[in-house]
Structures are given as C-alpha cells and as structure tokens.
Number of protein chains: 2
Amino acid sequence: MEWRILATAAELFRTKGYAQSTTRELAGMIGLKKASLYHYVESKEDLLYEISIQSLRQIDGDVAAAIAASAPADALRDLIKAHICSALGNRDHHAVMLSELRSLSEPRRQQIVKARDAYEARVRGVIVAEQAENRLRSDINPKYLTFALLNLLNWTIFWYQPGGALEPEQLGSLLASIFIEGAGAAGAVT
Amino acid sequence: MEWRILATAAELFRTKGYAQSTTRELAGMIGLKKASLYHYVESKEDLLYEISIQSLRQIDGDVAAAIAASAPADALRDLIKAHICSALGNRDHHAVMLSELRSLSEPRRQQIVKARDAYEARVRGVIVAEQAENRLRSDINPKYLTFALLNLLNWTIFWYQPGGALEPEQLGSLLASIFIEGAGAAGAVT
DNA sequence: GTCTATACTTCGATAGAC
DNA sequence: GTCTATCGAAGTATAGAC
C-alpha cells in the first residue's frame, strides 16, 4: 500500500507541483478519504522526502552498475544511456526530485542536496578519467563539462514523450553522440 | 514603483517558488504592508504572468537582434551567446518563467506556452538553416538538436554563480563549443 | 482501516479609516 | 498611498466513532 501511495504522490506532484497538490486530491486518486491517508503516512512532506531519496538511490545505483560492467572506453556512453533509462523509467520520482527540492524543510533538504552532490561527483569522476585518457577535451574545466552534461540529461524528462519515436536507450545514444561528437558537421568549415 | 515590485517578486519567486511565496513577504521586502501592495497590483498571479511574459519578450528580442546582426556562419554561436547573456542578465525573471508555468491559470498559461514555443521555433529555424548549409549534422532530427541545445542553455541559470570565474559571454562561448564541436577529444580513438 | 467532523493555521484579497 | 482589521476560502493534520 505504501508503495502505491508513493507512486501516486510522485505522479501528482510532478503534474501539479508539490505545493499545489493537496492531500485530499492524493487520497482521492487512491480511492481513500483524506484522513485515511494519515494511517499510512505521517505528513505530506514525508512523501516528498521519500520520493526524492528513492529517485537518487535508483539513478545512482543504476549508473554505478552500468559503469562497473562497462569497458573503460565505453564508460561515458554507458553512463549516459543508464542515466537516461533510469530517469525515464522513474520519470515521476525523478522530476519531483529535481524540481521540488526547495519544498523540503531544513534537516532533510540538506540530505537530498548531499545525495545529489554525490551523484554529480560520480559523473564528474568519469569525465575526469576520460580526460586523463585523452578521450575528452582537456581544454575545458571538468566542472563545466559535468554541468553541461547534467543539463543535457536531467531536463530531458520534462519534454520526453513516452510514446514517441525514440526508446529511452536510443535517446541515450543520441544524446551521448551529441555530447561527445558534437552537433557540428564533421569537417565542416566553421 | 511597479517595476520595483516586479523585480522583487521575481527574486522572491525564484528563491522560494511561487506557491511558497506570500504577498506579506513580498510587501515586506519592499517596505510595505500587505494591503498596500494591492494598490499597485491586482493579484499575485498577475505578477507571475508579467514576469513570465517580460522574460520571454526580452530573450526573444535579444536573440533575434543577435541573429540579425550576425554573419550567417556565426549565427548559431551568436544565438547561444545572446541566449546565455540575456538569461543570466534577467536571471530571476527567466528562472521563474521556466519553472513556475504551471502556477498560471488557464487563459494566460497557454499564452506563455505559445510565446515559449515561438522562441523555440526561432532556435529551431537557425538549426535547420545550419543543417542546410552543412555546418550541423543532418543525421539527427532537428527537433532533437533543438531540445538538446535548449536543455544545455536553459538550465544553466540554475547553477551559474554570478561572481564565478566565467563571465556570461565566456560561458556562452564555452557552451557553444561543447554543443558544436563536442566534448570528445578531437581525433580521439573512440 | 476507513470514515465524518473539526481544530488550527495561513493565505489572498477587501473594507474603510486616515 | 498606506495603514489596521477582517473576511472567506483552503490547506494540513487530528479526534474519535465505527
């Protein structure tokens, strides 16, 4: 039951935003009255916290596994594909984690920020390693390469259409190619 | 006075989110009591609408001017720089427009979506033109190149530090290079 | 475990004095 | 133009019956 509440809350929060979502509406989506929700959940904010922490545990685990199983030369491409597949596979959770952080009150907000930073450090670690192997440009501070990559990846969930032309894995490959090879025509006179 | 209210509201909404911001707090930041605000403003939502529409007018105008003054071969790079400079120069407005759209009620929400789509179409237009001139890869649907570029650009305002190492124009050049040339080491064996 | 009823708080917005 | 006072609505959460 708890899992059902969490999944429904994630869907609701993603669609309407945390602050605009009411416990009454959430209960209604599950087929309960508002008060009955509090038999399972301590507070509305607990739901946001659980959604956020689960989202980060999931993507960090998925990406770590992908890297571990990957040949060094494929690490970055596999990271990108794993990130996209994980984020799109947990779209509601992930979108809520990304956009509703400021609605968490202080002890737990910092906890989510730390988990987010840890994931970011994992991504940066791969980028730094690729630079050391001369597979990524070294003329750009890895900090900016990491930001650029996370921009590219994170915000995809806000426009991706689940029934569209590209499966998550294809989209991941596409984004990996844009990030690594670039959008410029190879050999173009620029 | 109105401009001061709008700028303060944008700053407040960006920091705390629209729904979590109260008119009492906004009034306090200006040095007024809550009721006095309503001498200048009809409703809280009016502020959000004005912030959003101004943000889009600004960036669309800035980018259009940059393209018009640009040699064809530099159009995309100039677009990227203009986008970054405009967005960072109106950081509060732009961030609010990007992240608080769902708090607008229906007649005006669609209006903002339309303005956003129009700007997106402008960006896509340049990308399509660059493909036609063989300066951008044609093996990727321009729709995805546009999404990727806007991901890269739009979400930069959420981590950019105004006093950091890079000025907006430098950051724009950097992001242009990542998007066009890619992050991969030139000639690397991948 | 689910309900009705309600306590408690806070918000956006208004009324009306000055 | 700014204030104090307040209205009416809506929200989270709780009490207590069943």
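Both backbone and side-chain heavy atoms feed into the values below; hydrogens, waters and symmetry mates do not. Convention: sequence-line order gives letters A, B, ...; per-chain numbering from 1.
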Protein proximity profile, nucleotides 7-18 of chain D - base contact B, sugar-phosphate-only contact S, no contact -, cut-off 4.0 Å on heavy atoms
----SBBBB---

Applying ring-ring contact (aromatic ring centres under 6.0 Å, His included), name anything that partners B/Y119, two or more places apart in sequence or on another chain.
B/H83

For D/dC3, does either OP1 or OP2 sit under 4.0 Å from a side-chain N or O belonging to B/S36?
yes

Closest heavy-atom pair and its distance - B/S99, A/R102:
OG-NH2, 4.1 Å

Between C/dG12 atom C1' and B/L12 atom CG, what is the distance in whole Å?
15 Å

Looking at CZ of B/R124 and CG of B/L150, how far apart are the two atoms once the value is rounded to the nearest 0.5 Å?
9.0 Å

Using atom CG of B/L26 as one end and atom P of C/dC11 as the other, report the distance to the nearest whole Å.
13 Å

Check each of B/V126, B/L76, B/V128 against B/L136 using the side chain to side chain contact (heavy atoms under 4.5 Å, CB included) test, and report the only one that passes.
B/L76

Intermediate values then yes/no, side chain to side chain donor-acceptor pair (under 3.5 Å), B/S177 and A/R137:
CA-CA 11 Å; B/S177 178; A/R137 301 163 61 167; 3.0 Å; yes

Look at the rings of A/Y18 and A/F13 and say which category their plane angle falls in: under 30° parallel, 30 to 60° tilted, over 60° perpendicular.
perpendicular

Tell me the interatomic distance from A/H39, atom NE2, to C/dT2, atom P, rounded to whole angstroms.
7 Å

State which of C/dC3, C/dG1, D/dC3 makes the closest approach to the side chain of A/K33.
C/dC3

From CG of B/L37 over to C1' of C/dT14, roughly how many Å is that when rounded to an integer?
14 Å

